[in-house]
Each structure stands twice: as structure tokens, then as C-alpha cells.
Amino acid sequence: MGTPSLSTSTTVQLWWLALCTALLPLLALHGTYLMAAVEGHVPWCLPYWDSCTSISRTGRHGTGYFLFKALMIPAAVMGALYWWFNGRWLRQQGAVGAGVRVLAWLGIGACLGLVLYTVVLGHIGDTFHSLRRTGVVLYFSLTFLAELLFSAALIRLPGPRVRGRRLLALCGLMLVLGLLSVVLQWLVHPLYDRIEDAFEWWFALLINLHAFGVAYLWWRTEFRARLWVS
């Protein structure tokens, strides 16, 4: 008879997961832009101010095409894990409610949208354009809703309430930015066409800044996951 296998458990800190979730998309965006500018596919500029290129354009050609996919798909996978553990962390802190239960699924849905956007980026045709737009809308909108629910749950907890207010203020800034883009698109469309790309860059930056705040909270609370090793 064989000896039965024994398994032991160990715990690992997870703050690095939140930190990578914040850093990797920003590295993908700015690294791809620099590569595209070096290779002459986009102009040299400050896209946050000059609105000289869209995020999509930086990853359509040359080395940037491969770099964007190589970084953004792992970022989406890490993001899905990040949102799954976010719901768990909130419950450990004592948060309750429907928002806590659904925010993980919203975040995972957003990451699936990011994968869709990344996979079809660089391909030509109306179908690919529609898929790309669907992916980016899902990513931005569902991530914003998940971050809003997370921040709202946080301010009801006694410990991290101050941090929750700051993250909620960040969500408010995202909301203002989104509403401003809609108003300009309706009322001053020529102006909106000139600055539309900058809105996209700023919104992507703000969304990922939220994860830095969460990484700090996970680090302060020594948030861990248990791993079983046989």
C-alpha cells in the first residue's frame, strides 16, 4: 500500500497582486506609446494634453502590436484575480450588502472586456471595430462601477473610512470626466473630436490609480491567501 500524501498549507501576502494590477496596464499603455513613437507610427507628444493619439492607435502596428497584447492580457488575468480577492477582503473587514457580492463579478466582466479589446486590436473591419468598442466600453464602465461599489462599502467600515473617502473622491473625478465628455460630444462636437483621445488617456490613468489605493489597504491589513501544498 502506498503512503497517503500529506498536504500542508501556507499563506502569502496579496498586496503585490493589487500593485501589479495597477502597474501593468500603465506599463502597457505608456510602453506601447513610446515604442509606437520610436517607430514613427504615432507622433511624439504628451497624449494627456495634446490628444495626439488614441490608446488603440499605439498598439495597431509594429512592435507595439505585440507589446500591448503581451502586457495587457496578463494584466487582465491579474485584474480578474484582483477583483475576486477584493470581495473577499471586504467581507473579512466586515462589509456586507449586495454591492459587496456583485463587485467581484463586475470586475471580472470588465477584465473579459479588456481581453476582447486587446485580442481584436489591430485588425481591420467593421466587425473588429464593433468588438473593440464593445470591449473598451465594458472595461471602462464595469471597472468604474466595481470601484464605486468598493469605495462605497469602504466608507461604511470604521477602520479604512478615510481611505474609502479618498477612493470615492477618485471615482467622483472619473464620473465628472465621463459626464464632461458626454456633454462636449453633444454640445461642442468639433471640440470633442480634438480632445477625445485625451479623455481616454485620463480615464485609463484614474481607473488604475484606484488599484494603488487598494494595494495600500491590503498591505496595511496584511491581507493573505492560503495555499495548499501537497
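Just so it is clear, the values below take in all heavy atoms, side chains as well, and ignore hydrogens, waters and symmetry mates. The model shown is predicted, which means the values in this text are computed figures rather than measured ones.
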How long is the straight-line distance from [atom2] of [Y] back to [atom1] of [X], given to the nearest 0.5 Å?
X      : Y      : atom1 : atom2 : answer
Cys52  : Arg57  : SG    : CZ    : 8.0 Å
Leu17  : Thr21  : CG    : OG1   : 4.5 Å
Leu149 : Leu168 : CG    : CG    : 10.5 Å
Ile73  : Phe68  : CD1   : CZ    : 9.5 Å

To check you understand the geometry: which heavy-atom pair defines the closest contact between [X] and [Y], and what is its length?
X      : Y      : result
Lys69  : Val119 : NZ-O, 3.1 Å
Gly178 : Ser181 : O-OG, 2.6 Å
Val100 : Ala95  : CG2-CB, 3.9 Å
Leu90  : Leu157 : CD2-CD1, 4.4 Å
Ala18  : Val214 : CB-C, 4.4 Å
Cys171 : Phe144 : O-CE1, 3.3 Å

Okay, side chain of [X], backbone of [Y]: is any donor-acceptor separation there less than 3.5 Å?
X      : Y     : answer
Glu200 : Ser54 : no
Tyr33  : Cys45 : yes
Glu39  : Thr63 : yes

Taking the six-membered ring for Trp, are Phe140 and Phe203 ring centroids under 6.0 Å apart?
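Aromatic pair counts; centres sit under 6.0 Å.
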Verify same cluster id: [X], [Y] (apolar side-chain graph, 4.5 Å):
X      : Y      : result
Leu67  : Val120 : no
Leu19  : Phe85  : yes
Leu114 : Ile207 : yes
Val102 : Phe150 : yes

Is there a side chain to side chain contact (heavy atoms under 4.5 Å, CB included) between Thr221 and Trp89? Walk through the geometry before answering.
CA-CA 9 Å; Thr221 57; Trp89 181 84; 2.9 Å; yes
Under the criterion side chain to side chain donor-acceptor pair (under 3.5 Å), I'd like the reasoning laid out for His41 against Thr53: C-alpha separation, chi angles, the key distance, then a yes or no.
CA-CA 10 Å; His41 301 297; Thr53 181; over 6 Å; no
Answer yes or no: does atom [atom1] of [X] have more than 12 heavy-atom neighbours from other residues, nucleotides or ligands under 6.0 Å?
X      : atom1 : answer
Arg133 : CZ    : no
Met78  : CE    : yes
Ile124 : CD1   : no

Using a 4.5 Å cut-off on heavy atoms from C-beta on, say whether the side chain of [Y] contacts that of [X].
X      : Y      : value
Trp218 : Asn86  : yes
Leu23  : Leu27  : no
Leu179 : Val182 : no
Met174 : Leu170 : yes
Leu167 : Glu147 : no
Trp83  : Leu103 : yes
Leu29  : Met72  : yes
Ile55  : Asp197 : no

Partner of Trp49 under ring pair (Phe, Tyr, Trp, His ring centres under 6.0 Å), chosen from Trp201, Trp202, Phe199
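Single ring pair (Phe, Tyr, Trp, His ring centres under 6.0 Å) partner of Trp49 among Trp201, Trp202, Phe199: Trp202.
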Evaluate Trp105 against Trp84 for ring-ring contact (aromatic ring centres under 6.0 Å, His included), listing each step before the verdict.
CA-CA 8 Å; Trp105 297 109; Trp84 178 259; 5.7 Å; yes
Geometric class of the Tyr48/His30 ring pair [parallel <30°, tilted 30-60°, perpendicular >60°]
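Ring orientation of His30 relative to Tyr48: parallel.
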Verdict with reasoning, Val115 to Tyr139, per side chain to side chain contact (heavy atoms under 4.5 Å, CB included)
CA-CA 9 Å; Val115 170; Tyr139 173 66; over 6 Å; no
